[in-house]
Amino acid sequence: MSIRRVGADGEARDLVGDLVRADEQALVLLPAGRGPVTVPREEIRALRKVPPRVVRPSSGVDDLQRLMALGWPGVQVVRMGGWSLHVGDGLSRRANSCLPTGNPERELGRAVDDVAGFYRDRGLRPCFQLAARSWAVDEPGTALDDALAERGWTVAEPSQALVRDLRSAQPESPNTLEGLQWAGHPSKDWLAVEPSSAARERVATVVPAHYATLRRAGAVIAAGRLVLTQDWAGLSCLAVTPHLRGRGHGRALTIGLMARARELGARFCYLQVADHNDSARGLYQSLGFVEHHRYHYRERVS
């Protein structure tokens, strides 16, 4: 919603955010990068529905970080001002870390301590996900990263966020999509491609997604997950049976996921890959993915 309000000082102000509550006295909006804002109805002069904030490959780091988090949010998300604290049964850092986009609406030292306490209260290691176009430039992500480093938080899992315009040419071969099967929920075959658990299934299914399995000679050899957010497709959980890696199955699976995303109306695609995974990074680059930004985690081990 977009709201124009006039407060007691007589100044007109505009506010845009997700409507999270409405009653006879007030509306509560959740803007991007801020905590919830309560607007008394007597202050409202105009309001209207507006489309979601448009995110494009040229958009800023925080915009894409927030969009990607919608595709893998964990099982619980708690807001601290503009920061979002994700909990996902201890499965993966991405599902169990603070995404610090925007303003925590409290002094930085207190905000960091509150994040640490939040995760410790749940038996989890305190963790932030920090992102920047480059760690060598002055950005909000680098400033917070420096502050955490000074407080003794250690770096874990340096990674890249890659994006691709699905409207551009896509490499395909006649047999690329053969043997690709889809389901609306992880099947036993999908879960069996790599070590799995009940927690992994819970986290993977929090938001609606499409689950792909790739078969060759009747056997499932690869699996992946596709989630749609606005006109973006997010690819995750891409895995190939270990003893069959290096034979082009990962390439066939990724091309199949992209083709399905285009069929479903997606215009852009993102995925995340760890720096140490040279083979996967080479594959995605050969398929037209480019780096949007870099990210890593800061953990508090003591």
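In this text, all values refer to a predicted model and were calculated from it rather than measured experimentally. Note that the numbering runs from 1 along the sequence shown for the chain.
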For this session: Give the intermediate values and the outcome of side-chain contact (heavy atoms from CB on, under 4.5 Å) for residues Phe118 and Met80.
Result: CA-CA 11 Å; Phe118 175 89; Met80 180 189 292; 5.7 Å; no
For this session: Run the numbers on Arg300 and Val115 for side-chain contact (heavy atoms from CB on, under 4.5 Å), then give the verdict.
Result: CA-CA 10 Å; Arg300 186 71 181 178; Val115 169; over 6 Å; no
Exercise. So Arg167 and Phe268, side-chain contact (heavy atoms from CB on, under 4.5 Å) or not? Walk me through it.
Worked result: CA-CA 8 Å; Arg167 299 169 298 177; Phe268 310 101; 3.5 Å; yes
For this session: Test side-chain contact (heavy atoms from CB on, under 4.5 Å) on Asp189 and Gln181 and set out the steps.
Result: CA-CA 11 Å; Asp189 288 337; Gln181 298 179 349; over 6 Å; no
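Not counting sequence neighbours, the partners of Arg106 by the side-chain hydrogen bond (donor to acceptor under 3.5 Å, both in side chains) test are Asp114. Tyr119 is linked by a ring-ring contact (aromatic ring centres under 6.0 Å, His included) to nothing, counting only residues two or more places apart in sequence or in another chain. Residues passing the salt bridge (charged side-chain N to carboxylate O under 4.0 Å, His left out) test with Arg294 are Asp275, Glu291, sequence neighbours excluded. Partners of Trp135 under the ring-ring contact (aromatic ring centres under 6.0 Å, His included) rule, at least two apart in sequence or in another chain, are His296. Checked against ring-ring contact (aromatic ring centres under 6.0 Å, His included), Tyr211 has the following partners two or more places apart in sequence or in another chain: Trp190. For Arg120, the salt bridge (charged side-chain N to carboxylate O under 4.0 Å, His left out) test picks out no residue, with sequence neighbours left out. Every side-chain contact (heavy atoms from CB on, under 4.5 Å) that Val50 has, sequence neighbours left out, goes to Ser2, Val16, Arg48.
Val77 and Leu124 fall into different hydrophobic clusters, where Ile, Leu, Val, Met, Phe, Trp and Tyr side chains are chained together by heavy-atom contacts under 4.5 Å. One hydrophobic cluster holds both Leu271 and Met258 under the rule that ILVMFWY side chains link at heavy-atom gaps under 4.5 Å. There is a path of hydrophobic side-chain contacts, each under 4.5 Å, that joins Tyr270 to Val55. No single ILVMFWY cluster, assembled from side-chain heavy atoms under 4.5 Å apart, contains both Val220 and Leu253. Both Leu162 and Leu257 sit in one connected hydrophobic cluster of ILVMFWY residues. Membership requires side-chain heavy atoms under 4.5 Å apart, directly or through other members.
When the shell of 6.0 Å around CZ of Arg245 is examined, it contains more than 12 heavy atoms from other residues, nucleotides or ligands. Enclosure of atom CG in Asp138 is not indicated, since only 12 or fewer non-hydrogen atoms of other residues, nucleotides or ligands lie within 6.0 angstrom.
Thr229 places no side-chain N or O within 3.5 Å of a backbone atom of Trp232 that could act as its donor or acceptor partner. Checked by atom type and distance alone, the side chain of Asn96 pairs as donor or acceptor with a backbone atom of Gly88 at under 3.5 Å. Without hydrogens or angle criteria, Glu105 side chain to Gly35 main chain gives a donor-acceptor distance under 3.5 Å. In this structure a side-chain-to-backbone donor-acceptor pair under 3.5 Å is missing from Arg122 to Gly90. The backbone N or O of Gly265 sits nowhere less than 3.5 Å from a side-chain atom of Asp231 that would complete a donor-acceptor pair.
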Could you list the donor-acceptor pairs under 3.5 angstrom formed between side-chain atoms of residues 64-76 and any protein atom two or more places apart in sequence or on another chain?
{"unit_1": "Gln65", "atom_1": "OE1", "unit_2": "His293", "atom_2": "NE2", "d": "2.9"}
{"unit_1": "Gln65", "atom_1": "NE2", "unit_2": "Gln129", "atom_2": "OE1", "d": "3.0"}
{"unit_1": "Arg66", "atom_1": "NH1", "unit_2": "Thr101", "atom_2": "OG1", "d": "3.3"}
{"unit_1": "Arg66", "atom_1": "NH2", "unit_2": "Asp63", "atom_2": "OD1", "d": "3.1"}

Show me, pair by pair, the donor-acceptor contacts under 3.5 angstrom made by side chains of residues 235-243, not counting sequence neighbours?
{"unit_1": "Ser236", "atom_1": "OG", "unit_2": "Arg225", "atom_2": "NH1", "d": "3.0"}
{"unit_1": "Thr241", "atom_1": "OG1", "unit_2": "Ile221", "atom_2": "O", "d": "3.3"}

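At least one side-chain heavy atom of Val290 sits less than 4.5 Å from a side-chain heavy atom of Val163. Residues Leu15 and Arg34 meet the side-chain proximity criterion, which asks for heavy atoms closer than 4.5 Å. Between Leu264 and Leu226, some side-chain heavy-atom pair lies under the 4.5 Å cut-off. No side-chain heavy atom of Val78 sits less than 4.5 Å from a side-chain heavy atom of Trp83. At a threshold of 4.5 Å between non-hydrogen side-chain atoms, the residues Lys49 and Met1 count as touching. At least one side-chain heavy atom of Arg200 sits less than 4.5 Å from a side-chain heavy atom of Glu194. By the 4.5 Å heavy-atom criterion applied to side chains, Pro40 and Arg5 are counted as neighbours. You'll find the side chain of His185 reaches within 4.5 Å of the side chain of Glu201, heavy atoms only.
The two residues Gly60 and His292 have their closest heavy-atom pair at O-CE1, 3.8 Å. Between Ser286 and Arg251, the shortest heavy-atom distance links the atoms OG-NH1, 3.0 Å. Between Arg260 and Trp182 the shortest heavy-atom distance is CB-CZ2, 3.3 Å. Across every non-hydrogen atom of Leu180 and Gly256, the tightest pair is CD2-CA, 3.6 Å. Here the closest non-hydrogen pair linking Glu299 and Arg93 is OE2-NE, 2.6 Å. Nearest heavy atom pair, residue Gly17 against residue Leu29, reads N-CD2, 3.7 Å.
Hydrophobic side-chain contacts under 4.5 Å tie Val6 to no other Ile, Leu, Val, Met, Phe, Trp or Tyr residue. Residues Val28, Leu30 make up the rest of the hydrophobic cluster containing Val20, defined by ILVMFWY side-chain heavy atoms closer than 4.5 Å, directly or through other members.
Once rounded to the nearest 0.5 Å, the distance linking CG of Leu47 with CZ of Arg4 reads 12.5 Å. Atom OG of Ser168 is separated from atom CG of Leu166 by 7.5 Å, given to the nearest 0.5 angstrom. Annotation: the span from Asp9 atom CG to Glu11 atom CD amounts to 5.5 Å, rounded to 0.5 Å. The CZ atom of Arg133 lies 13.5 Å from the OG1 atom of Thr142; values are rounded to the nearest 0.5 Å. Separation of atoms CG (Leu130) and CG (Asp145) is listed at 4.5 Å; rounding is to 0.5 Å.
Residue pairs satisfying the ring-ring contact (aromatic ring centres under 6.0 Å, His included) criterion with at least one member in residues 144-165, sequence neighbours excluded, are listed as follows: Phe128-Trp153.
Note on Asp165 versus Arg56: no salt bridge recorded, every NZ/NE/NH1/NH2 to OD/OE distance being 4.0 Å or above. The residues Asp113 and Arg110 are annotated as not salt-bridged, no charged nitrogen and carboxylate oxygen being separated by less than 4.0 angstrom.
Under a cutoff of 6.0 Å and an axis angle of 45°, Arg281 and Tyr284 do not form a cation-pi pair.
No side-chain donor from either of Ser59 and Arg53 sits under 3.5 Å from a side-chain acceptor of the other.
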